[in-house]
Amino acid sequence: MNNIKKELNMASKETRQDSIGRFISYFCITIIGVLVISIIYFITSRGLTMFFANHVKLSDFLLKTTWNPGTLDSHGKPEVGALPMIVTSFSVTILSAILATPFAIAVALFMTEYADKRGAKLLQSVIELLVGIPSVIYGYIGLSVVVPMIRHIYGGTGFGILAGTIVLFVMILPTITSLTVDSLRAVPQHYRQVSLSLGATKWQTIYKLILRVGTPGILTAIIFGMARAFGEALAVQMVIGNAAIMPKNLVSVASTLTSQLTTGIGNTVLGTFANNALWSLALVLLIMSLLFNTLVRIVGNKGAVKNERKNKQ
Amino acid sequence: MGKNNLGAETIMIPREEIAIETKKIDVYYGSNKAISNASLAFPRFKISALIGASGSGKSTFLRSLNRMNDGIATVKGEIMYRSTNINSVKVNVYQVRKHIGMVFQRPNPFARSIRNNITFALKEHGIHGEDELNKRVEESLRAAALWDEVKDSLDKSALSLSGGQAQRLCIARSIALKPDILLLDEPASALDPVSTSKIETTLRELKKKYTIIIVTHNMQQASRLSDYTAFFHMGKVVEYGQTNNIFTSPRANITEKYISGNFG
Amino acid sequence: MNAKTSNKVATAVIYSFVGIVVLLLFFLIGYILVNGIPYISWHFLTSPSQSFLAGGGIRDQLFNSIYLLILTLIISVPIALGSGIYLAEYAPDNVITKLIKTAIEVLSSLPSVVVGLFGYLLFVIKFGFGFSILTGAIALTFFNLPLLTRNIEESINDVPDLQREAGLSLGISRWRTMVKIVLPSALPGILTGIILSAGRAFGEAAALIYTSGQSAPIVNYSNFNIFSQSSFLNPMRPAETLAVHIWKLNTEGVTPDAHSISNGSSAVLIIVILLFNLGARVIGNAIYRKITSGRRG
């Protein structure tokens with residue numbers, strides 16, 4: 001009797017196991033937390049060096065169009081106008097999203113509204129395989145198929161925003177598609193039944209009902225796709241031409257933030273001005289990534305609020 | 001037979017030796033109160049049934065007894081077991097659960113062999129001798145009236161058992177640890193009548209060595225099986241007494257309504 | 001246009017878009033395989049690469065990719081397991097948990113080039129590891145962690161709570177219940193996730209250019225002393241992977257047969273990734289079948 005009483009109040013092997021388990025799992029999650037904080041801290045502090053230590057004006061960086069951090073201009077100041085890269089990055093991102101969205105929605109609609117289980121599964125595999133292809137392969141095919149094709153049609157080198165857009169289109173297509181599928185699957189089945197039973201055609205049901213209910217989810221999918229396009233480095237770097245000049249048109253050589261970074265970091269020495277300038281480009285990438293993330297959150301929350309209100313009614 | 005002096009004259013305190021007793025238990029899910037002021041004493045080597053409609057709090061109450069509500073709900077009040085308040089944060093919940101076993105509504109054998117289902121917890125608790133393990137496997141499977149059906153297939157996956165067999169395996173798994181008290185949360189609700197009657201026979205046999213507390217929504221089962229019955233309604237214990245008395249002459253109006261099926 | 005016509009037009013458009021996407025995949029994979037497979041030979045797989053001469057192989061790059069992948073998994077799987085268990089089992093419902101989940105999402109959406117640059121800054125430069133397999137593995141771990149963690153958390157959450165309760169009700173600690181009961185049941189999902197992440201890591205290049213480096217020094221495959229500079233197992237040596245090799249050949253390569261080598265390397269890369277993909281499916285299906293048939297029998 002007394003033994004049991006003592007036993008009940010004693011720590012046991014189990015308590016010890018639990019402390020160890022807790023310690024291990026807390027330790028691991030702390031690693032991730034510390035990692036994210038250090039990434040943000042290090043990239044930010046490096047990225048700001050150019051502004052604080054080298055006294056470059058933020059407006060010059062964001063608005064000037066000459067990128068030449070290695071040499072000085074006539075006033076003895078280095079030229080670090082990042083606008084060409086910013087414009088190019090945004091161009092390829094937006095254009096590829098515009099191109100990919102209709103395809104993504106079509107595939108998603110096919111999978112959720114038209115195909116039977118087997119068809120949907122088959123396309124699921126297609127999407128997964130597209131996700132699985134590494135970006136260097138996309139870049140390589142871009143380089144050996146897309147660029148020569150553009151060169152053939154439009155003349156010039158073939159490198160440029162158009163080539164980048166086409167490569168990115170294929171790369172973000174699966175991202176947008178699979179997230180769109182998720183959001184369309186979340187539309188309750190009875191919505192469809194009700195609409196069809198009221199005599200609406202399939203397309204009317206899709207257009208007037210399913211796509212509208214799914215809009216926040218589709219928007220989130222597009223933003224995710226854009227985030228991927230904006231941050232993609234090698235595939236774009238292989239087809240964009242890598243000239244840090246303002247793009248004249250879609251088929252003239254240009255350079256994105258990522259391609260400038262990958263090309264440049266290896267050719268500069270840490271701590272030099274030219275290197276600091278590159279880290280500022282990395283900071284822009286980081287900020288854009290955080291911004292896309294916030295945007296997803298805002299759109300997602302709005303959608304959630306809307307659906308909640310609907311459920312209550 | 002004494003009357004509860006807390007005012008509710010419908011709550012009885014059994015004269016027999018008490019195995020476990022709750023004193024003014026309140027249970028909260030967040031800010032929702034699921035159980036209020038539940039005081040019950042369960043006699044040793046008897047079967048006590050907890051009855052009541054869905055959502056009356058009977059399962060929540062049961063799960064509080066071996067601290068399975070930890071991390072899910074907040075339980076206030078005292079639960080006295082062997083003159084220790086086992087609802088205290090200082091008490092080692094794992095020791096509590098070794099003494100107070102639990103069988104759930106749906107059979108939940110581990111995805112391991114039948115033998116392993118029983119030896120797993122034993123090994124975790126430091127019992128390693130091959131002979132001792134085999135002895136416990138046979139003992140507990142016999143006690144759960146499963147031995148004859150599975151003795152030749154102990155190394156088959158437990159997932160290949162039928163629902164009734166799986167539930168008896170879960171009972172065997174619990175009693176292999178030689179607990180004091182066995183809590184059962186509607187153990188037969190997912191089973192067919194034949195399996196149900198097997199489980200009931202098993203429980204009648206088990207009460208010789210264990211204190212059993214069973215939640216059931218089946219009136220016949222409660223009246224057939226139990227020695228004591230507590231009726232829960234909207235988070236409160238309305239009535240508690242010997243099963244005979246509860247079923248033949250309930251004191252509270254609402255108990256009578258529930259038992260006779262004229263509820264709500 | 002009336003409702004019926006627009007319905008027909010829309011259906012036709014959707015079907016043709018789907019057709020284009022499917023053809024696109026076939027074209028991509030077909031292009032790589034048709035152009036690359038003729039170039040794959042035993043010689044190609046087993047001889048070292050050449051910078052200025054034709055006829056080089058990809059022996060070292062292939063080995064580096066595999067070695068780097070193994071190191072990455074050794075580092076990232078335990079951390080992801082611990083974190084996934086934290087999120088599924090221990091995480092309280094509060095602000096800190098929300099912050100952690102946000103942090104994981106941020107990490108998963110960071111461009112891999114940023115992750116690579118961070119690895120370069122911290123490990124190559126600050127800690128003085130130099131361009132090395134270890135640094136590369138750490139960078140790939142950063143890149144892998146969020147997806148793996150989330151996959152493990154989801155796989156654990158997919159295990160019915162009843163299994164957890166069964167363990168706890170037998171007086172087994174939360175940790176042992178997790179490790180011995182829940183994790184084995186979650187294994188198919190976790191394994192599938194690990195294999196898919198391995199495929200991703202195998203093809204990743206942007207995070208590696210400035211961490212594991214762009215050179216493949218000649219190493220001695222019979223030197224098993226991991227501390228020796230010439231050993232193939234030395235984790236502190238620079239190591240160009242297959243994916244980085246393809247990138248490098250096509251951007252700054254001066255190798256005369258860069259195109260053929262790229263074709264061959266791309267085909268090898270795609271074949272390995274297809275195998276990973278297939279492996280994930282086979283394992284997932286096999287275990288799923290085993291579980292369901294067990295229930296029926």
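Worth knowing before you read on, the calculation uses all heavy atoms, side chains too, and leaves out hydrogens, waters and symmetry mates. In what follows, every chain begins at residue 1, and chains take the letters A, B, ... in the order their sequences are listed. These numbers come from a predicted model, not from an experiment.
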Check each atom of [X] against the heavy atoms of chain C and say whether the ones under 4.5 Å are side chain, backbone, both or neither.
| X | result |
| --- | --- |
| B:Phe104 | side chain |
| B:Arg173 | both |
| B:Pro109 | backbone |
| B:Met102 | both |

Say you draw a straight line from [atom1] of [X] to [atom2] of [Y]; how long is it, rounded to the nearest 0.5 Å?
| X | Y | atom1 | atom2 | result |
| --- | --- | --- | --- | --- |
| B:Asp185 | C:Ser169 | CG | OG | 11.5 Å |
| C:Asp161 | B:Ile72 | CG | CD1 | 7.0 Å |
| B:Asn117 | C:Leu170 | CG | CG | 9.0 Å |

Would you find more than 12 non-hydrogen atoms of other residues, nucleotides or ligands less than 6.0 Å from B:Lys33 atom NZ?
->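 For B:Lys33, atom NZ is crowded (more than 12 foreign heavy atoms under 6.0 Å).
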
Do other residues, nucleotides or ligands put more than 12 heavy atoms under 6.0 Å from the OH atom of B:Tyr29?
-> yes

With side chains defined as the heavy atoms from C-beta onward, is the minimum distance between C:Glu165 and B:Arg63 less than 4.5 Å?
-> yes

Which of the residues B:Arg67, B:Arg112, B:His99 is involved in the greatest number of heavy-atom pairs with chain C at under 4.5 angstrom?
->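 It is B:Arg112.
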
Please determine, among C:Pro92, C:Ser173, C:Pro184, the option with the most heavy-atom pairs under 4.5 Å with chain B.
-> C:Ser173

Shortest non-hydrogen separation from C:Leu162 to B:Asn108 and the atoms involved = O-ND2, 2.9 Å

Specify the closest pair of heavy atoms between C:Ile172 and B:Phe120, including all atoms of both residues, with the distance to one decimal.
-> CD1-CE2, 3.4 Å

